[in-house]
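A, B, ... follow the sequence lines: proteins, then strands. Residue 1 opens every chain. Only this structure's heavy atoms are used, side chains among them; waters, hydrogens and symmetry mates stay out.
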2 protein chains.
Amino acid sequence: MKKIDIFKKLRTSGLRPTKQRVEIAKFLFDRDKTFHFTVESLNKLLEKKTTSKFALATIYNTVHAFKDAGHLSEVEVRGKKTYFDTNVSNHHHFYDSETSELIDINANEVVIQKIPKAPNGKKIKNIEVFINLKN
Amino acid sequence: MKKIDIFKKLRTSGLRPTKQRVEIAKFLFDRDKTFHFTVESLNKLLEKKTTSKFALATIYNTVHAFKDAGHLSEVEVRGKKTYFDTNVSNHHHFYDSETSELIDINANEVVIQKIPKAPNGKKIKNIEVFINLKN
DNA sequence: TTTATAGTTTATAACGATTCTAAAGTGAAA
DNA sequence: TTTCACTTTAGAATCGTTATAAACTATAAA
Ligand SMILES: [Mn+2]
Ligand SMILES: [Mn+2]
Ligand SMILES: [Zn+2]
Ligand SMILES: [Zn+2]
């Protein structure tokens, strides 16, 4: 992802390109593979990777702005912390509870043959498949 | 479910049949259909249904003992509250985010045709299918 | 019966993730 | 320079959950 795209992510999230926000955006979006993280893990990685300091509130605010703009998604994982995902396409996950690690599964790698009808008056918004792993 | 079964649930959870625990167990297990709840919702329903008072700690402790004994399961739902489920068999869920309501799907109502191989050295423990609903 | 004792309930404190707040900082425009 | 809207930040507040410790209860030994 090129630098211009970083600024586009920020602009389309309603965020001015401040030092902290650019660092966060670069860290999240300037990579090839999907990245799954919690606010806490992101903070630790940012501290290691950069020389800047980040208040937790800044990270929360920035991550939420990206999420609201559709540049990040949220993955539901057992436990108290919220997991975010740079992969915003429709996809599924392996979850390794030993390492608390999420692994992407492309939507086309899961084929569902049979699914019940949605309850009366309701429609299916999306289907999430979550595969728990063991050793 | 007969009264004797209530006492069996308690016994097999390592819980003596005190007034509060019997009320909780009856409320949870003396019903035909699956019941999904949070500790908060259970507390409100207990207060309505019975004349006893329940400290939150008692409900937490009792629910956790049932869960540890395998008489309740936990369902992962977006949001901060923990959802419990009287259905401990392998099954799936519809989730209606309008009403925060979970609806059971029998395991045999979902047929998965294709699934990726588990990552190196890992095995699949179980598969959870979560179907989000909209109006 | 009393007493001992193990287990239980309860109110409240502590905890941890997240959100809120208000003060200090920043930077572009006037 | 001064202004002013926006940003960062530290710390307070919130909320679900867990821990603690004191009061209570039931059973059984003395
Ligand atoms: Mn979660
Ligand atoms: Mn949850
Ligand atoms: Zn993902
Ligand atoms: Zn269920």
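Going from atom CD of B:Gln20 over to atom C1' of C:dT8 covers 8 Å, rounded to whole Å. Separating the CG atom of B:Leu15 from the C1' atom of C:dA6 is a distance of 15 Å, rounded to the nearest angstrom. Rounded to whole Å, the distance from CD1 on B:Ile59 to P on C:dT9 is 11 Å. Per the geometry, CG belonging to A:Asn43 stands 10 Å off P belonging to D:dT9, to the nearest Å. One atom, CG of B:Leu10, and another, C1' of C:dT9, lie 15 Å apart when rounded to the nearest Å. The CG atom of A:Leu46 sits 11 Å away from the P atom of D:dT9 (whole-angstrom rounding). Between B:Lys19 atom NZ and D:dC24 atom C1' there is a gap of 12 Å when expressed in whole angstrom units. Summarising the geometry, the separation between CD on B:Glu23 and C1' on C:dT10 is reported as 17 Å, rounded to the nearest angstrom.
The aromatic rings of B:Phe35 and B:Phe27 sit perpendicular, their planes meeting at an angle over 60°, well past the 30° parallel limit. Relative ring orientation between B:Phe66 and B:His71 is described as perpendicular, the plane-to-plane angle rising above 60° on a 0-90° scale split at 30° and 60°. Using cut-offs of 30° and 60° on the angle between ring planes, the pair B:His64 and B:Tyr60 is tilted.
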Classify every nucleotide of nucleotides 16-30 of chain C by which part a protein heavy atom approaches to under 4.0 Å, writing B for the base, S for the sugar-phosphate alone and - for neither, in 5'-to-3' order.
-SBBB----------
Evaluate the ring pair (Phe, Tyr, Trp, His ring centres under 6.0 Å) criterion for residues B:Tyr83 and B:Phe37: first the C-alpha distance (whole Å), next the side-chain angles of each, then the deciding distance (0.1 Å), finally the verdict.
CA-CA 5 Å; B:Tyr83 280 72; B:Phe37 63 97; 9.0 Å; no
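Nearer to the 5' terminus of DNA chain C, by closest-nucleotide assignment, is the contact made by B:Arg16 (compared with the other of B:Phe54 and B:Arg16).
There is a path of hydrophobic side-chain contacts, each under 4.5 Å, that joins B:Ile112 to A:Leu133.
B:Ser100 pairs by the side chain to side chain donor-acceptor pair (under 3.5 Å) definition with nothing, not counting sequence neighbours.
Within 4.0 Å (heavy atoms only), B:Thr18 reaches sugar-phosphate atoms of the nucleic acid but no base atom.
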